[in-house]
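What follows is a short report on a single structure.
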Amino acid sequence: CPRESRLRGGKNKMPCRMTSNILTRSCTLIVLLGFWSGSLGQNQSTLFRECMRSQLGQLFQESLVSIPGDIGYATRLGWSFQPDPNDHPVAFVDCTDVIHIQKAIICAKQESIGVCPRCGGHSRIGSGMCSGIVVDVWQLKQFLPSSDNTTVIIGAGLTLGELVYRLSTKMNRIFPVGHSPSVGTSGFLLAGGFSELANDLGLGCDNVLEFRLVNASGTKITANRNTRPDVYWASCGGGGGRLGVVYQMTLKVHPTSRYDKHVGFIASFSNSSWMPAYLEWLYNWQEHNLSILSRSTIDISRSSTEARVTLRGACVDSLSSQNCRGRFQASGVYQFPWTPSLTPNTKSIQYLQWISGTSVTSDPLGYFNTGGVSHGRGMTMRSSDAVTAVSFKYSIGQTPPRQFFVDFFTFVDQTCRAPGMVRCSILFQNLGRGITNIGPRASAVYGLRLAKQWISFRVQGANLAMSEHVKDVLRNYLAPHSLSAFINYEDRGLRNISVGYYGLDASRMIKVNKRMDPTHTFLSKQPLF
């Protein structure tokens, strides 16, 4: 013991030797507990793999299951777009057949381990990873067209890029996909499936005729309008991983002719004083009546004194730049200080590449085929970005006054230029009849059906905490006029998850979730009950 400790010892002081013994035993206990905890996790992993080996017999292959210590385990930790550092998977299962999903769920339940499914791993809050069994369906890539080329059965592992490529080369058909080719199709559809093309063809999930999934008991089930209609309802926009592990879907696909003939356009200007007028014009623009599909983005950066707006999209069913220019003239877009650049194209695959945010290349098929590699945008550490989106409709009267847009832009501009901020991007898409003509209770997608615009805030601060805070501040500013949050960009800042996503359908969604998974077999970053 230090000399001063011995000198301070009085009748109320614990003898130094006893203190030393207690500290030694405490440290030993902590070390043993840590060792026991680590051993328990490793033991769970080993027991799970042995269960899989026993359940599958000769069908088991060593590459099917990756556990801590395996070479493949570390690789698979980097297959999620925004990984959560608190996740420590017990095992990864790379399923090549539906029986692998079934046995993984059975073995997980036997060892009292939770399960989370993963396809593309693009969840903004890392929902494709968990401290349980990650059931990865990325290798389930079936593609079975119907004889009349109106539907196709696909495996849940297809990415959007792979889906686009196969639809184009094998069926000459189109489907309302999103922007990133490496996004998993099943996760995209289960969260609704939103895109510019949805204004014409409906949300992605509106075009799913049937879901096939493995439930919490390890049993294969089917859900469509006639069989388990509640599960079918909840699977359209309810979010992935709550009800089961989807392994197949039947999609309705569409002729390409309307999109083969299109003129891509892009226009931008940097002038903050114009932004309120632009936002007012955009809110009232009836672009769908002109067969124009577009998105607008306002970028605000601390490195630039002026905000910049970009309008990007296409005049569809259009044969010439002159025709597209005439549509713009009718819309009033030329009142702003820009001149849209117009590019006519003749193939729907070019349209899909254009709206993805890139220039049309000489090989758009290659763009989707190469860019559609599974887990192509996986990372080992999450970024400092935060993202959310809301369904927006001005709630006080039919048309917002100019002052509303002045106040909105001023607030956003000042918030995004606060100390510690890097930049904000605010995306706007007017909602067309393909989305809004379907009733809000027809699927788990609620707010988009009733809204006028979809607005997304993408925030980059000095660190993740700063980004999350500013994202919440911006979302909350629009709360009086928001009908629901957008589950494709899951938002942990929501105070009430179920109402935040599902609005008046929250109780129904919870009821279906409870019936399908009463014991929480499926782990969720945002559980509903």
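Not measured: the values here are computed from a predicted model. Positions are given from 1 along the sequence.
A donor-acceptor pair under 3.5 Å links the side-chain atoms of His100 to the main chain of Thr96, judged by distance alone. Counting only distance, with no hydrogens or angles, the side chain of Arg458 and the backbone of Leu427 share no donor-acceptor pair below 3.5 Å. Side chain of Asn149 to backbone of Pro145: no donor-acceptor contact under 3.5 angstrom is found. When atom types are taken as modelled, the side chain of Asp200 and the backbone of Gly434 share no donor-acceptor pair closer than 3.5 angstrom. Using modelled atom types, one side-chain atom of Asp206 and one backbone atom of Leu203 make a donor-acceptor pair closer than 3.5 Å. No donor-acceptor distance shorter than 3.5 angstrom exists from the side chain of Ser482 to the backbone of Ser484, with no hydrogens or angles considered. At distances below 3.5 Å, not a single donor-acceptor pair connects side-chain atoms of Ser66 with backbone N or O atoms of Asp70. The closest donor-acceptor contact from the side chain of Ser391 to the backbone of Leu448 lies under 3.5 Å. In terms of modelled atom types and a separation under 3.5 Å, the side chain of Gln353 and the main chain of Ser359 share a donor-acceptor contact. In this structure, Thr159 contributes its side chain and Pro181 its backbone to a donor-acceptor pair below 3.5 Å.
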task: Verify side-chain contact (heavy atoms from CB on, under 4.5 Å) between Gln248 and Ile153, making sure each step is shown before the conclusion.
output: CA-CA 7 Å; Gln248 263 185 359; Ile153 296 173; 3.8 Å; yes

- prompt: Checking salt bridge (charged side-chain N to carboxylate O under 4.0 Å, His left out) for the pair Lys525/Glu490: CA distance, chi angles, key distance, verdict?
  reply: CA-CA 9 Å; Lys525 292 289 194 301; Glu490 298 152 303; over 6 Å; no

message: Determine whether Arg308 and Asp299 satisfy the following criterion, salt bridge (charged side-chain N to carboxylate O under 4.0 Å, His left out), listing intermediate values before the conclusion.
response: CA-CA 5 Å; Arg308 183 175 183 83; Asp299 290 303; over 6 Å; no

message: Before you tell me yes or no, could you show the steps for Phe486 and Asp491 under side-chain contact (heavy atoms from CB on, under 4.5 Å), namely the whole-Å CA-CA distance, both residues' side-chain angles and the distance that decides it to 0.1 Å?
response: CA-CA 8 Å; Phe486 180 56; Asp491 187 341; over 6 Å; no

- request: Give the intermediate values and the outcome of side chain to side chain donor-acceptor pair (under 3.5 Å) for residues Arg449 and Ser443.
  value: CA-CA 10 Å; Arg449 312 292 193 189; Ser443 71; 3.0 Å; yes

Stepwise side chain to side chain donor-acceptor pair (under 3.5 Å) check, Glu196 with His179: CA-CA 9 Å; Glu196 292 94 325; His179 288 186; 2.8 Å; yes

- request: Let me see the working for Gln460 and Ser384 under side-chain contact (heavy atoms from CB on, under 4.5 Å), right down to the final yes or no.
  value: CA-CA 6 Å; Gln460 183 183 1; Ser384 63; 4.2 Å; yes

query: When you look at Val390 and His481, which way does the side-chain contact (heavy atoms from CB on, under 4.5 Å) test go after all the steps?
result: CA-CA 9 Å; Val390 297; His481 310 283; over 6 Å; no

task: Report the C-alpha separation of Tyr501 and Tyr446 in whole Å, then their side-chain angles, then the decisive distance to 0.1 Å, and conclude whether the ring pair (Phe, Tyr, Trp, His ring centres under 6.0 Å) test is met.
output: CA-CA 8 Å; Tyr501 290 137; Tyr446 178 75; over 10 Å; no

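Classification of Arg492 and Asp84 as a salt-bridged pair holds, one side-chain N sitting under 4.0 Å from a carboxylate O. Note on Asp385 versus Lys471: no salt bridge recorded, every NZ/NE/NH1/NH2 to OD/OE distance being 4.0 Å or above.
Once rounded to the nearest 0.5 Å, the distance linking CZ of Phe175 with CG of Leu251 reads 4.5 Å. Atoms CG and CZ, on Asn430 and Phe392 in that order, are 10.5 Å from each other to the nearest 0.5 Å. Separation of atoms CD (Gln429) and OG (Ser296) is listed at 9.5 Å; rounding is to 0.5 Å. Rounding to the nearest 0.5 Å places OH of Tyr259 at 10.0 Å from OG of Ser348. Here the straight-line distance linking atom CG of Leu464 with atom OG of Ser383 works out to 7.5 Å at 0.5 Å rounding. We find the CG-CG distance between Leu523 and Asp87 to be 9.0 Å, quoted to the nearest 0.5 Å.
Between Phe428 and Tyr283, a ring centre-to-centre spacing not shorter than 6.0 Å is recorded. In this structure, Phe404 has its ring center closer than 6.0 angstrom to the ring center of Tyr394. Taking the six-membered ring for Trp, Trp281 and Phe405 have ring centres at least 6.0 Å apart. Ring centers of Tyr477 and Phe411: under 6.0 Å apart, within the cut-off.
Side-chain atoms of Arg173 and Thr150 include no donor-acceptor pair closer than 3.5 Å. Side chain to side chain, Arg118 and Ser80 meet the donor-acceptor criterion of an N or O pair below 3.5 Å. No donor-acceptor contact under 3.5 angstrom links the side chains of Asp363 and Thr361, judged on distance only.
Between Leu365 and Val164, every side-chain heavy-atom pair lies at or beyond the 4.5 Å cut-off. Counting only heavy atoms from C-beta outward, the side chains of Leu167 and Ile174 never approach each other to under 4.5 Å. Side-chain contact between Val245 and Leu213 is absent, with no heavy-atom pair separated by less than 4.5 Å. Considering only heavy atoms from C-beta on, Met249 comes within 4.5 Å of Ser186 through its side chain. Residues Asn345 and Tyr351 form no side-chain contact, since every pair of their non-hydrogen atoms from C-beta on lies 4.5 Å or further apart. A 4.5 Å side-chain heavy-atom check between Asn224 and Arg212 finds every atom pair outside the cut-off. By the 4.5 Å heavy-atom criterion applied to side chains, Tyr367 and Ser356 are counted as neighbours. In this structure, the side chains of Tyr334 and Arg325 come closer than 4.5 Å at one or more pairs of heavy atoms.
The shortest non-hydrogen separation linking Leu342 to Cys324 is CD2-SG, 4.2 Å. Counting all heavy atoms, side chain and backbone alike, Tyr502 lies closest to Arg242 at OH-NE, 3.4 Å. Here the shortest heavy-atom pairing between Val387 and Ser456 reads CG1-OG, 4.0 Å. In plain terms, the two heavy atoms of Pro176 and Phe188 that are nearest each other are O-CE2, 3.6 Å. Taking each heavy atom of Met275 and Ile298 in turn, the nearest pair found is SD-CD1, 4.0 Å. Contact between Phe269 and Pro337 at its shortest, heavy atoms only, is CB-O, 3.5 Å.
Shown are Arg475, Met421, Arg423; of these, the side chain to side chain contact (heavy atoms under 4.5 Å, CB included) with Val459 is made only by Met421.
Sparse packing is recorded around NZ of Lys347, with 12 or fewer heavy atoms of other residues, nucleotides or ligands lying under 6.0 Å away. Gln139 CD: more than 12 foreign heavy atoms inside a 6.0 Å radius. The local environment of NZ in Lys141 is crowded, with over 12 non-hydrogen atoms from other residues, nucleotides or ligands closer than 6.0 Å.
In this structure, His375 and Trp79 have parallel ring planes: the angle between them is below the 30° cut-off, well short of the 60° mark. Between Phe194 and Trp454, the ring-plane angle classifies as tilted under the 30° and 60° cut-offs.
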